[in-house]
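For reference, the structure discussed in these notes is given below.
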Amino acid sequence: MQDKIYTVNQMRELEIITSDYHFNTTEAGEFTATLDLKAYAKKGSLRSFYTLEDGRRIITVTQYWHNYLGVRDIKTGAKVRLTFSENPSGGIYLTAIREAE
């Protein structure tokens, strides 16, 4: 993938398939991953797709009011550390991302 943020139409035109990616809804903690792809989503949010060290593929959504957690500034292909936290109602969500050392 190029280091850019794809639109939905561009993903369709390029036949970029993301069906292997799933939301992390069950596991809080830190994970090392590779940023595979960035794409716009509805209402100003940003989808980002990662391959974890163990081979699992996950998708996250970040919001503009959180400055996308800095995802926009990370190059596609970069190794990153993802932090997932549990909210009071038990949901798991991405709370931090940083480039891995």
Side-chain angles (χ1 to χ4, degrees):
M1 294 289 106
Q2 293 180 24
D3 182 34
K4 65 184 263 179
I5 302 173
Y6 290 88
T7 65
V8 172
N9 286 338
Q10 289 171 328
M11 290 180 68
R12 256 189 229 116
E13 289 169 8
L14 295 170
E15 298 180 4
I16 298 172
I17 307 299
T18 58
S19 59
D20 290 347
Y21 294 84
H22 305 282
F23 287 98
N24 175 14
T25 59
T26 60
E27 198 172 352
E30 280 201 0
F31 303 89
T32 300
T34 301
L35 175 58
D36 298 330
L37 173 69
K38 297 179 280 190
Y40 290 109
K42 294 179 182 176
K43 299 181 182 175
S45 57
L46 179 68
R47 295 176 292 156
S48 46
F49 300 82
Y50 303 90
T51 300
L52 301 178
E53 284 185 317
D54 64 9
R56 289 182 290 166
R57 291 184 168 186
I58 61 170
I59 180 176
T60 65
V61 176
T62 53
Q63 306 298 330
Y64 70 90
W65 60 83
H66 290 137
N67 198 27
Y68 304 106
L69 298 178
V71 173
R72 293 179 70 164
D73 301 324
I74 299 173
K75 291 193 179 293
T76 301
K79 293 280 187 197
V80 295
R81 293 288 294 167
L82 304 171
T83 303
F84 288 89
S85 301
E86 185 174 345
N87 65 22
S89 62
I92 303 296
Y93 63 103
L94 182 67
T95 53
I97 179 172
R98 67 182 190 281
E99 291 196 58
E101 298 175 7

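Closest of all the heavy-atom pairs between Asn24 and Thr26 is OD1-N, 3.4 Å. Annotation for Tyr68 and Gly44: closest pair OH-O, 2.8 Å, computed over non-hydrogen atoms.
Taking the side chain as every heavy atom from C-beta outward, Gln63 and Leu46 never approach each other to under 4.5 Å. Within the 4.5 Å cutoff, the side chain of Asn67 has no heavy atoms near those of the Leu69 side chain. Annotation: side chain of Ile74 is in contact with side chain of Val80 (closest heavy-atom distance under 4.5 Å). Side chains of Arg47 and Val8 form a contact here, defined as non-hydrogen atoms less than 4.5 Å apart. Leu37 places a side-chain heavy atom less than 4.5 Å from the side chain of Thr18.
Atom CG of Leu82 is separated from atom CZ of Phe31 by 8.5 Å, given to the nearest 0.5 angstrom. Here the CD atom belonging to Gln10 is positioned 9.0 Å from the OH atom belonging to Tyr40, to the nearest 0.5 angstrom. The line from NZ of Lys4 to NZ of Lys38 is 11.5 Å long, rounded to the nearest 0.5 Å.
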* Asked: When you look at Phe84 and Ile58, which way does the side chain to side chain contact (heavy atoms under 4.5 Å, CB included) test go after all the steps?
  -> CA-CA 12 Å; Phe84 288 89; Ile58 61 170; 3.6 Å; yes
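By the ring pair (Phe, Tyr, Trp, His ring centres under 6.0 Å) test, Tyr50 pairs with no residue at all, sequence neighbours left out. Among residues two or more places apart in sequence or in another chain, the salt bridge (Lys or Arg N to Asp or Glu O under 4.0 Å) test is passed with Asp73 by none. Not a single ring pair (Phe, Tyr, Trp, His ring centres under 6.0 Å) links Tyr6 to another residue, sequence neighbours left out. Partners of Glu27 under the salt bridge (Lys or Arg N to Asp or Glu O under 4.0 Å) rule, at least two apart in sequence or in another chain, are Arg56. Remark: Lys75 pairs with Asp3 by the salt bridge (Lys or Arg N to Asp or Glu O under 4.0 Å) rule, at least two apart or across chains.
Side chains of Asn9 and Thr7: a donor-acceptor N/O pair is absent below 3.5 angstrom, by distance only. For the residue pair Ser48/Thr60, the side-chain donor-acceptor check at 3.5 Å is satisfied.
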Compile the donor-acceptor pairs under 3.5 Å between side chains in residues 91-99 and protein atoms, sequence neighbours left out, one pair per line.
residue	atom	partner	partner atom	Å
Thr95	OG1	Thr83	O	3.2
Thr95	OG1	Ser85	OG	3.0

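Here the options are Thr34, Asp20, Asp36, the test is side-chain hydrogen bond (donor to acceptor under 3.5 Å, both in side chains), and the partner is Thr51; only Asp36 passes.
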